[in-house]
Amino acid sequence: MNRSFASSLLPSAPWWHPRAGHSLVIRGGRPLLGTWPVSGAKNAVLPLMVSTLLTPHLVTLHNVPASLDVAVLSALLRRLGAELHWSTTEAGLSVTICADRIHPGEIDGDLVARMRASVLLLGALLARCGEARLPMPGGDAIGLRGIDFHVAGLRAMGADIDLAGGMIHATARAGLKGADIRLPQPSVGATENLLLAAVLATGTTLIRNAAREPEIADLARCLIAMGATISGLGTHVLTVQGGTPVTGAVHTVMPDRIELGTLACAAAITDGELFLQPGRLDLLGAAGPVLERAGVELREGESGLIARRSKAGLSGTDVTTRPYPGFATDLQAPVMALLSTATGASAITETIFEQRFRHVDELRKMGANIAVRARTAVVRGVPRLQGASVTCTDVRAAAALVIAALGASDDSRLDGLDHLDRGYDRITEKLAACGAAIDRA
Ligand code: UD1
């Protein structure tokens, strides 16, 4: 990231430190040992921060991960007129957001281009201000990632939406109205966008074929604390009785289940042992049994999850990504890194995003034996990966390369670190504290 952009984030997120160095150098082969503090979930905190735009009252979020995506969204909210007050305690980072005076004017294209979740501003701004104007969102280059479900759902609620010249211009001068909406696919972002819009829309909204990811229930719990009436949490049908103004709330962001699964892989590939805290097996959904089949021992302790390699070692297993509670697409790349050193073959099938195998070429540079055919990658385990110079191509690919480098026989150099910083809170520091030889250079 260029330093002037990094510095421009500081007024909105003073805890964000423009990182020194463009590369991460990891000396592999050291076991990760100790307690790993699992941060608040990246995929929960972003919609939760956007939800603060629905009310003029104060909303406080605890357990906020100190990640680049949070810094970028903070800058976006500030440009819209929201005030953010940060505090740090032993329990972590908290923010109180006051959106009593917001203006939905054109949103900064440079910021939106950095984050797909900025599309959630559409539902919240339309509901609160009757208008939203933003560039088409950016984010990871992992597939088409259309926003047609978002647009169709908001149109069903009475919005006029114009898509031209790379911009989205949406209006609902007379306000949004509740609607009966069926999503063609259980899209996480579309479910969240429509949920945010439905809270202030008059009447009842049904979101059918809604995504069931735990981060959506976390958002719904915060909205309920703000006074919204929502039922069907964790199911495929969310019902919102909208139209009542919402107030302030205090909410603690749920733990990051993707970080949990990722670090379980890191513990196993390095033959270490991590106490992942907080952590529960049920948060992993289908990833828990997949990891156990692959030879990752997972044991629930009082306040966390102990993860290590099983005595029998790592073994190949087949994986297919599915919407929650199926195996999370966000764990596909980390698990591929792990299975690269398992005994036997694994077939990894990606069904959510069509271009989510960009980490394969990088893992191959480290000696992984992976053949891709359409949406399936066949991984034939090798005894050990070797260090190499590799590039992070998206946020979860970055996590996979960190896992591979930690398990490799010698030094690796990772570039493209913005992707890592986008999704992971102080990962370099946390890895070093658990014994990794890691440096930004
Ligand atoms: C969210 C997560 C991301 C995760 C993904 C799937 C956040 C900030 N990001 O992304 O980490 O990998 O869920 O679990 O929470 N689609 C359309 N049209 C739409 C919307 C989606 O075709 O209008 C397609 C997408 O191209 C993709 C699939 O639906 O192929 C799933 O996407 P979606 O669940 O919406 O993912 P995101 O919300 O972008």
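We count ligands from 1, going down the list as the structure has it; atoms in each ligand are counted the same way. For the single chain, residues carry numbers from 1 onward in sequence order.
Each of the atoms 28 (C), 29 (O) of ligand 1 lies under 4.0 Å from some heavy atom of Gln185. Interface of Asp330 with ligand 1, defined as ligand atoms under 4.0 Å from a residue heavy atom, comprises 3 (C), 4 (C), 11 (O), 12 (O). Near Ile147, meaning under 4.0 Å from one of its heavy atoms, ligand 1 places the atoms 19 (C), 23 (O). Residue contact check: Thr329 has heavy atoms under 4.0 Å from atoms 6 (C), 12 (O), 14 (O) of ligand 1. With ligand atoms numbered from 1 in the order given, ligand 1 contributes 35 (O), 38 (O) to contacts under 4.0 Å with heavy atoms of Gly189.
With respect to Asp162 and Arg133, no salt bridge is recorded, no charged nitrogen being found less than 4.0 Å from a carboxylate O. Between Asp330 and Lys42, no side-chain nitrogen of the basic residue sits less than 4.0 Å from a carboxylate oxygen of the acidic one, so the salt-bridge criterion is not met. Using a 4.0 Å cut-off between a side-chain N of Lys or Arg and a carboxylate O of Asp or Glu, Arg208 and Asp180 qualify as a salt bridge. Remark: Arg257 engages Glu215 in a salt bridge, criterion side-chain N to carboxylate O under 4.0 Å.
Annotation for Arg375: atom CZ counts as buried by contact number, over 12 foreign heavy atoms lying within 6.0 Å.
Proximity annotation for atom 20 (C) of ligand 1: of Ser118, Gly423, Gly146, Ala41, Gly146 comes nearest, heavy atoms only. Nearest-residue assignment for atom 39 (O) of ligand 1 (options Glu213, Arg116, Gln332; heavy-atom criterion): Arg116.
In this structure, Glu362 and Cys392 have side chains that are not in contact, with every pair of non-hydrogen atoms separated by 4.5 Å or more.
Checking only distances, Val188 does come within under 3.5 Å of ligand 1, N or O to N or O. On a distance-only criterion, Asn43 and ligand 1 share at least one N/O pair closer than 3.5 Å. At least one N or O atom of Asp148, backbone or side chain, sits closer than 3.5 Å to an N or O atom of ligand 1. Of the N or O atoms in Phe149, one or more lie within a sub-3.5 Å distance of an N or O in ligand 1.
Among Leu238, Thr205, Leu154, the one residue that satisfies the side chain to side chain contact (heavy atoms under 4.5 Å, CB included) test with Leu194 is Leu154.
Under 4.0 angstrom from ligand 1, the non-hydrogen atoms of Ile352 come from both its backbone and its side chain. The part of Arg356 lying near ligand 1 is the side chain, judged by heavy-atom distances below 4.0 Å. By the criterion of a heavy-atom distance under 4.0 Å, both the backbone and the side chain of Ser187 are placed next to ligand 1.
Of all non-hydrogen atoms in Thr191 and Ala211, the two that sit nearest each other are OG1-N, 3.0 Å.
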Worksheet item: Taking it one step at a time, do Asp415 and Ser23 satisfy side chain to side chain donor-acceptor pair (under 3.5 Å)?
Response: CA-CA 5 Å; Asp415 291 321; Ser23 308; 2.6 Å; yes

